[in-house]
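A quick write-up on the structure given underneath.
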Amino acid sequence: MACPGSWASHQHFHPHSIKIPGDITLGGLFPIHARGPHGLPCGEIKKEKGIHRMEAMLYALDQINSDPELLPNITLGARILDTCSRDTYALEQSLTFVQALIQKDTSDIRCSNGEPPIIRKPERVIGVIGASASSVSIMVANVLRLFEIPQISYASTAPELSDNNRYDFFSRVVPPDSYQAQAMVDIVKAMGWNYVSTLASEGSYGESGVDSFQQISREAGGLCIAQSIKIPREPKPGEFDKIIKRLMETSNARGVIIFANEDDIKRVLEAAKRANLTGHFLFVGSDSWGAKSSPILDQEDVAEGAVTILPKRASIEGFDQYFTSRSLENNRRNIWFAEFWEDDFRCKLTRPGIKIDSEKKKCTGEERINRDTPYEQEGKVQFVIDAVYAMAHALHSMHLDLCPGAMGVCDKMDPVEGRMLLNYIRSVNFNGGGEPHLYLLRIVCKWSEGMEEMQWSGGDHQIPDSVCSFPCNPGERKKMVKGVPCCWHCELCDGYQYQLDEMNCETCPFNMRPTPNRTSCRSTPIIKLEWHSPWAIIPVFLAILGILATSFVVITFIRFNDTPIVRASGRELSYVLLTGIFLIYLITFLMIAEPGAVVCAFRRLLLGLGMAITYSAMLTKTNRIYRIFEQGKKSVSPPKFISPTSQLAITFILMSVQLLGVFVWFAVIPPHTIIDYEEQRPPNPEMARGVLKCDMSDLSLICCLSYSIVLMVTCTVYAVKSRGVPETFNEAKPIGFTMYTTCIVWLAFVPIFFGTAQSTEKMFIQTTTLTVSMSLSASVSLGMLYIPKVYVIIFHPEQNVQKRKRSFKAVVQAATMSTRLSQKSNDKQNGETQNKIEPDRTQ
């Protein structure tokens, strides 16, 4: 509106828009500029997302207007606006599209000269191409639907725009975010990731995209979201540094799913570089990143390895030829092209009254796109062209139906009814970008797998990890973290456990132990006491010496069988006693030999038998001496059963008790071997061994020796009672010393034997202790009872002569007198001592 002659009437009606004249006008919404800083609606120019896409619409209009088959004799015009990447600003701009539909009463308006104003009728926009951002499209769609103006977006992918009840006049030529979210989930799974973070720009596009990703990932399973971070619409200084810091709280989640506008993407990359985290994050970007180079300008090292999503598209060669041929001279219809030129070539155009920055070169106008600067077709160019063509084909079909045979726009299409046009748009089908497209009914999104060809940060071709927890090593089970199914702690199957499955450990059977990697069980090695073991060498050595010494004594006694010393020692019982000593030494070899049924039987038999024979003979001897001298105190007649035959009979009766017990044991539990896996089962299973041994527990062993111990104790008691017998009378004193020493040996044996019951070397220590104790007790008996006799027989034969025989009465009297003299001598000494002490008392 302007008054005649006024300056304003000569100005462009929309100073910040592009007007392309035509019979039918389409609206266009493009983010020519980025969102401005605080207080300003617009910021720096967006070369790819803004200029490339806007030029794609101009290119499509040129192609359609020059096509004699499509809308013949009808020219498409356009009114193109800049949204500045801000939904509120875009809403204000889009009101331009509905001005022609708003009735205004200007009857009361007059100019200063009293004349009515000249009212310029705004062009009628029958459809809108755009917008780019989903948040902008949502805002604009709410206005356009009120005036029934169809809208076709070339880049808005928010799933909520698919709601036909709320956005019934909205259409798009790109798949919704749910498609690329599905592709992202597939990519993440193909790379073996299970722990990622999400990053979204505040608004419909970012938030709905992340929501779709999270929903699909939950349905697919096996994928966890470490953090879901939202970038504010108006980020404060340092906001992106805080975002990077938050992402590092879950540093294992290196994969970052990013649904954000390119300005936010660029700032995220800058913040990661400032934090010295180049190469750490692995970005999977949505179509807002796509193939654009502006978000990664000067941040290529940080963005290396990023995977971005784009709808399946074809490069439009005609557009490349068109755009690279644009210059300041032939593209004056684009009011923002000069600004693009300065930014693209990094130069400055000369303007009246504006001083050129000395740091920037002056633009010559001879620069050329793709010659002086790199050029790559923006990823959504095809879809902008397709959106324009979709609108053109719908108008063409509508024209054929409403204006058959008419040249140009007929009355039925002036004006174009919005709802009717929408129906034609929804049924349009044509070849776009080289492939057939059936818009708005079915759009297929595909992605190609080529992981082996991807290059990651540092030139590595191996896919990096983005997992909460790494796979557990063999022999470790997973302990899940509550509430996070992708996270777990690895726990080693300890002790004798092996890994049953990835979640459980189980104890090996008692006769097995886990393998070194604890993935299965293996048989526990079987061991026994070996002849070359240090635990066996000493007992065997002592036993061999004892057997040789015993054999020597036996041979000597046989050789000098009729000599006085041999006869005086009681030949019959001596041979029995020496047999017992021999068997005691012999048991050492049975205790060390490899256990078997026969060996175990002989162990049972001889373990207690040798000692029973030895101590039965000694007990018979000491009992005989004791009874003789006790009987002599009462009468001169000898006691009963002191003859050699009686002595042998008593000895064999005592021995038979041991034999009877052993045979009963044989009958109840036949001898057999067992493998004891508990004896050598230390905490470290590598040291576990099964011990092959006879079925003789510690208790049964003590029971086997208990009768011999009873004989030994009884013999000791008689030895104590017979201690007063003179040395010249038989063997009472040597037997006494023998028994005292034997008791000391066996008293030392008990704590050693039972004190090692919990030792891993229990079998070896107890076997060695038992055999050494038995050999020592046999050696004591042999040494004290027979070695002195052998010494006299061999080295002092003059003492081995017959002495005068005395009657039993004479022997007893002599022994009695000797005892009395010994007592008197003791009494006299005691009396002298008292006499010596008494004078001291009187002092």
Side-chain angles (χ1 to χ4, degrees), residues 14 16-17 25-32 35 41-42 53 57 78-104 122-178 200-212 230 232-234 259 261 288 383-384 387 390-391 394 415-426 439-440:
H14 297 287
H16 295 296
S17 66
T25 301
L26 302 179
L29 292 172
F30 295 92
I32 305 298
R35 182 183 301 169
C42 301
R53 294 180 182 180
M57 181 173 179
R79 172 69 69 181
I80 300 175
L81 303 176
D82 180 10
T83 65
C84 290
S85 307
R86 190 187 297 271
D87 51 1
T88 53
Y89 182 79
L91 179 62
E92 296 172 5
Q93 293 291 300
S94 65
L95 294 176
T96 303
F97 300 144
V98 300
Q99 282 183 353
L101 302 176
I102 299 175
Q103 299 294 328
K104 297 180 181 179
E123 75 271 19
R124 183 184 178 95
V125 174
I126 59 95
V128 175
I129 306 299
S132 177
S134 295
S135 58
V136 174
S137 289
I138 289 171
M139 190 76 79
V140 172
N142 286 319
V143 174
L144 296 181
R145 70 185 294 270
L146 297 177
F147 297 92
E148 296 187 345
I149 298 176
Q151 174 187 2
I152 302 179
S153 174
Y154 49 83
S156 298
T157 56
E160 63 183 284
L161 286 167
S162 298
D163 186 350
N164 201 42
N165 293 323
R166 294 180 59 191
Y167 307 102
D168 48 342
F169 278 81
F170 176 84
S171 306
R172 52 185 165 196
V173 292
V174 288
D177 287 336
S178 56
S201 293
E202 186 177 3
S204 300
Y205 172 74
E207 294 178 41
S208 61
V210 165
D211 288 344
S212 295
K230 187 187 298 183
R233 223 179 266 273
E234 300 290 342
F259 276 89
N261 59 61
S288 63
F383 301 106
V384 176
M391 192 73 77
V416 175
E417 185 182 345
R419 188 167 294 277
M420 184 182 294
L421 177 60
L422 178 65
N423 294 330
Y424 280 100
I425 290 173
R426 294 288 168 90
Y439 285 97
L440 315 164

Within-4.5 Å side-chain heavy-atom neighbours: [X] and [Y]:
{"X": "Leu29", "Y": "Val128", "value": "yes"}
{"X": "Phe259", "Y": "Ser201", "value": "no"}
{"X": "Phe30", "Y": "Val384", "value": "yes"}
{"X": "Leu81", "Y": "Phe97", "value": "yes"}
{"X": "Ser156", "Y": "Phe170", "value": "yes"}
{"X": "Phe169", "Y": "Ile149", "value": "no"}

Given Leu421 and Met391, is the side chain to side chain contact (heavy atoms under 4.5 Å, CB included) satisfied, shown in steps?
CA-CA 9 Å; Leu421 177 60; Met391 192 73 77; 4.1 Å; yes

Working note: Asn261 + Ser288, criterion side chain to side chain contact (heavy atoms under 4.5 Å, CB included); need CA distance, chi angles, decisive distance, verdict.
CA-CA 6 Å; Asn261 59 61; Ser288 63; 5.6 Å; no

Looking at every heavy atom in both [X] and [Y], which two are closest together, and how far apart are they?
{"X": "Pro150", "Y": "Ile126", "value": "CD-O, 3.3 Å"}
{"X": "Thr83", "Y": "Tyr89", "value": "O-CD2, 3.4 Å"}
{"X": "Pro176", "Y": "Ser162", "value": "CB-OG, 4.3 Å"}
{"X": "Ile152", "Y": "Ala387", "value": "CG2-CB, 3.7 Å"}
{"X": "Pro159", "Y": "Ser208", "value": "CD-OG, 3.3 Å"}

Side chain to side chain contact (heavy atoms under 4.5 Å, CB included) assessment of Ser17 paired with Gln93
CA-CA 9 Å; Ser17 66; Gln93 293 291 300; 5.7 Å; no

Under 4.0 Å between a Lys/Arg side-chain N and an Asp/Glu carboxylate O for Arg86 and Glu92?
no

To the nearest 0.5 angstrom, please state how far the [atom1] atom of [X] sits from the [atom2] atom of [Y].
{"X": "Leu26", "Y": "Ile80", "atom1": "CG", "atom2": "CD1", "answer": "9.5 Å"}
{"X": "Asn142", "Y": "Asp87", "atom1": "CG", "atom2": "CG", "answer": "11.0 Å"}
{"X": "Glu202", "Y": "Glu207", "atom1": "CD", "atom2": "CD", "answer": "6.0 Å"}
{"X": "Leu91", "Y": "Met139", "atom1": "CG", "atom2": "CE", "answer": "6.0 Å"}
{"X": "Asp177", "Y": "Leu161", "atom1": "CG", "atom2": "CG", "answer": "9.0 Å"}
{"X": "Cys84", "Y": "Ile32", "atom1": "SG", "atom2": "CD1", "answer": "9.0 Å"}

Could you go through the side chain to side chain contact (heavy atoms under 4.5 Å, CB included) check for Val140 and Ser137 one step at a time?
CA-CA 5 Å; Val140 172; Ser137 289; 6.0 Å; no

Heavy-atom donor-acceptor pair, Ser134 side chain to Ala158 backbone, under 3.5 Å:
yes

Does any N or O in the side chain of Arg35 come within less than 3.5 Å of the main-chain N or O of Arg233, such that one atom is a donor and the other an acceptor?
yes

With distance as the sole criterion, is a donor-acceptor pair present between the side chains of Ser132 and Arg53 under 3.5 Å?
yes

Just by distance, with hydrogens left out, do Arg426 and Ser171 show a side-chain donor and acceptor under 3.5 Å apart?
yes

Under the criterion side chain to side chain contact (heavy atoms under 4.5 Å, CB included), which of Glu160, Gln151, Arg145 is the partner of Tyr167?
Glu160

